[in-house]
Novice: 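Okay, here's the structure, questions in a sec.
The figures that follow rest on heavy atoms only: side chains count, while hydrogens, waters and symmetry mates do not.
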Amino acid sequence: GSVEGRRVPAGGVYLLPFPMCHVAGYNMLVQHAVGATVVLAAQFRPDAFAATVDRLGVTSCSLAPTMLHALLTIASAAMTGVLAARWGERMLGAIAAALYLVTPWAIIVGSLGYNEMAVNFMLATGLLIVSDDRITPARRGMLIGVIAAAACGAKLTSIGFVAAPLGLLLLMRLSIRQWLPAMIAAALTGVVCLLPYLLRNALCASNPVFPFATDLFGAAHWGTEQI
């Protein structure tokens, strides 16, 4: 039933970082049925996982939310290091990444099935894009639109934490005559990227930005206390 109900591409490399007794173990059957290579991991460590993916050319895997968030913690630390290195020496980047990882906030939140590290990763990536004057204004706006939408998709409050600061910084880096193409590209790209999320909310809750703007669009299944 698992094989028939879940089609996967043939000839891939599947990485399983769970015990085979876990429900994810059923994926082994699906992968073997199409002749895929199955790689078993003795344990999950973000650094070893990333190295295995790169070394073996892994094409698919199974991950728990905590695992995915741990990987995003490493990725956001690395991106923070790249950002710091752009503004200073390479050693400064290494120090920034290390400091990011040893803060109590990153240690605690980074090991939870949460969304905070996705926001941080998008913010650091967006700052790199904003500061890269080699990219044309329109393309920079488009990339910032994608980054801002991804951050808002992970956590809606990123509108204030990521989208607004990146948009403001981008305008500060550009001349006034470059504002219009950058703003149009960012707005259109951001809306297109968020459209599936907004449509699903509108269909399910009659509120595209649920659980916000309940006075305007309605509270759906929420009561007064939840609002």
Side-chain angles (χ1 to χ4, degrees), residues 46-47 49-51 53-54 67-112 114-198 209 212:
D47 53 346
F49 181 90
V53 170
D54 183 60
M67 295 175 175
L68 179 58
H69 202 238
L71 289 169
L72 285 169
T73 301
I74 300 298
S76 56
M79 197 61 68
T80 300
V82 172
L83 183 62
R86 173 173 290 184
W87 292 340
E89 299 292 334
R90 180 176 296 182
M91 181 58 69
L92 181 61
I95 293 173
L99 288 175
Y100 184 100
L101 290 174
V102 299
T103 57
W105 172 79
I107 293 171
I108 295 172
V109 175
S111 62
L112 302 175
Y114 199 44
N115 54 8
E116 201 72 26
M117 295 302 166
V119 175
N120 291 351
F121 177 75
M122 296 303 167
L123 178 58
T125 304
L127 290 172
L128 279 171
I129 294 169
V130 166
S131 61
D132 193 342
D133 292 328
R134 297 170 299 177
I135 308 174
T136 63
R139 183 167 295 180
R140 246 190 295 184
M142 185 181 301
L143 292 172
I144 291 301
V146 172
I147 292 296
C152 292
K155 192 172 184 177
L156 271 180
T157 50
S158 294
I159 294 173
F161 294 142
V162 177
L166 288 180
L168 181 60
L169 288 172
L170 179 59
L171 294 181
M172 291 172 63
R173 298 280 298 192
L174 301 175
S175 64
I176 294 178
R177 62 183 179 83
Q178 294 174 322
W179 282 10
L180 186 59
M183 291 172 62
I184 292 175
L188 289 178
T189 307
V191 170
V192 169
C193 290
L194 275 177
L195 197 57
Y197 172 83
L198 298 174
V209 293
F212 301 101

Novice: For the side chain of Ser131 and the backbone of Leu128, is there at least one donor-acceptor N/O pair under 3.5 Å apart?
Specialist: yes
Novice: Taking the side chain as every heavy atom from C-beta outward, state whether Thr125 and Ile129 have any atom pair closer than 4.5 Å.
Specialist: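 In contact.
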Novice: My understanding is that only residues two or more places apart in sequence, or in another chain, count here; which of them pass salt bridge (Lys or Arg N to Asp or Glu O under 4.0 Å) with Arg134?
Specialist: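 Only Asp132 meet the salt bridge (Lys or Arg N to Asp or Glu O under 4.0 Å) criterion with Arg134.
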Novice: Taking side chain as C-beta onward, heavy atoms only, is Met183 less than 4.5 Å from Leu171?
Specialist: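 Yes; the side chains approach each other to less than 4.5 Å.
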Novice: Tell me the side-chain hydrogen bond (donor to acceptor under 3.5 Å, both in side chains) pairs involving residues 94-109, sequence neighbours left out?
Specialist: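 Found Ser76-Tyr100, Tyr100-Asn120.
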Novice: For residues 150-172, which residue pairs qualify under side-chain hydrogen bond (donor to acceptor under 3.5 Å, both in side chains), counting only residues two or more places apart or in two chains?
Specialist: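 For residues 150-172: Glu116-Lys155.
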Novice: Might you confirm whether atom CZ of Arg90 has over 12 heavy atoms from other residues, nucleotides or ligands at distances under 6.0 Å?
Specialist: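 Count not over threshold, so no.
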Novice: Using a 4.5 Å cut-off on heavy atoms from C-beta on, say whether the side chain of Val109 contacts that of His69.
Specialist: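 Yes. Closest side-chain heavy atoms under 4.5 Å.
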Novice: Sort and list the pairs that fulfil salt bridge (Lys or Arg N to Asp or Glu O under 4.0 Å) and have at least one residue in residues 96-106, not counting sequence neighbours.
Specialist: none
Novice: Taking salt bridge (Lys or Arg N to Asp or Glu O under 4.0 Å) as the test, write out the residues that go with Arg173, two or more places apart.
Specialist: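 Asp133.
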Novice: For Thr80, enumerate each residue passing the side chain to side chain donor-acceptor pair (under 3.5 Å) test, keeping only those at least two apart in sequence or located in another chain.
Specialist: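 In terms of side chain to side chain donor-acceptor pair (under 3.5 Å), with neighbours along the sequence ignored, Thr80 is linked to no residue.
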Novice: So do the side chains of Thr73 and Pro46 get within less than 4.5 Å of each other, counting heavy atoms only?
Specialist: no
Novice: Per the side chain to side chain contact (heavy atoms under 4.5 Å, CB included) rule, which among Val82, Leu166, Val162, Ile147 passes with Leu127?
Specialist: Leu166
Novice: Would a 4.5 Å heavy-atom cut-off, applied to side chains only, mark Tyr197 and Leu156 as touching?
Specialist: yes
Novice: Using a 4.5 Å cut-off on heavy atoms from C-beta on, say whether the side chain of Ile74 contacts that of Asp47.
Specialist: no
